[in-house]
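To start, the structure under review is shown below, and the notes come after it.
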Amino acid sequence: MPVVVGGRSSGARVACRTATDLGAIGALCLAFPLQPPKDRPSRLPELESAGVPVLVVQGERDRFGMPPAAPERTVVTVAGDHSLKKDQDAIAGAVRDWLTGLPASA
């Protein structure tokens, strides 16, 4: 059965770092913390090195920034902030749509 790894915030970072090692066909990143506080480097390289298709669902006012879309990365913006509490239906729809478009194997 195909595996999709995922997580929210720091868990999304872990999903990106472990996706290929786990043989996943995709990585689901909810509220990916792109820009850490205190002038630390962007975490964009973690997203770029996932090695599998990635879905990022990000609140439009997320204080940790908005990742850019890329060929293997879909970014969906939903109402709210980093907590992603405002529009659960939009989140569920974005995830459902993305999952149905994934190939059955890596």
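- Remark: Leu28 CG to Leu102 CG distance equals 9.5 Å, nearest 0.5 Å.
- With contacts defined as side-chain heavy-atom distances shorter than 4.5 Å, the pair Val78/Ile91 qualifies.
- Here the closest non-hydrogen pair linking Trp98 and Val4 is CZ3-CG1, 4.0 Å.
- Listed here is the closest heavy atom pair of Phe64 and Pro33: CB-CA, 3.7 Å.
- In this structure, OG on Ser49 lies 9.0 Å from CZ on Arg17, to the nearest 0.5 angstrom.
- For the residue pair Pro103 and Ile25, the shortest heavy atom distance occurs at O-CD1, 3.1 Å.
- Summarising the geometry of Glu46 relative to Cys16, their closest heavy-atom pair is O-CB, 3.5 Å, with the distance given to 0.1 Å.
- Of all the heavy atoms in Glu60 and Ala79, the pair that sits closest is OE2-CA, 3.7 Å.
- A side-chain donor-acceptor contact under 3.5 Å links Arg73 to the backbone of Pro68.
- In terms of the side-chain hydrogen bond (donor to acceptor under 3.5 Å, both in side chains) criterion, residue partners of Ser9 (sequence neighbours excluded) are, by chain and number, His82.
- Note that CZ of Arg43 and OG of Ser10 are 6.5 Å apart. Values are rounded to the nearest 0.5 Å.
- Val52 approaches Ala24 most closely through the heavy-atom pair CG1-O, 3.3 Å.
- Judged purely by atom type and a 3.5 angstrom limit, Arg63 has no side-chain atom pairing as donor or acceptor with the backbone of Asp81.
- Other cluster members for Leu47: Phe32, Leu34, Leu44, Val54, Val56, Met66, Val75, joined by side-chain heavy-atom distances under 4.5 Å among Ile, Leu, Val, Met, Phe, Trp and Tyr.
- One finds the CG atom of Asp62 at 7.0 Å from the CG atom of Leu84 (value rounded to the nearest 0.5 Å).
- Of the residues listed (Asp97, Val76, Leu30), the one engaging Leu55 in a side-chain contact (heavy atoms from CB on, under 4.5 Å) is Val76, and it is the only one.
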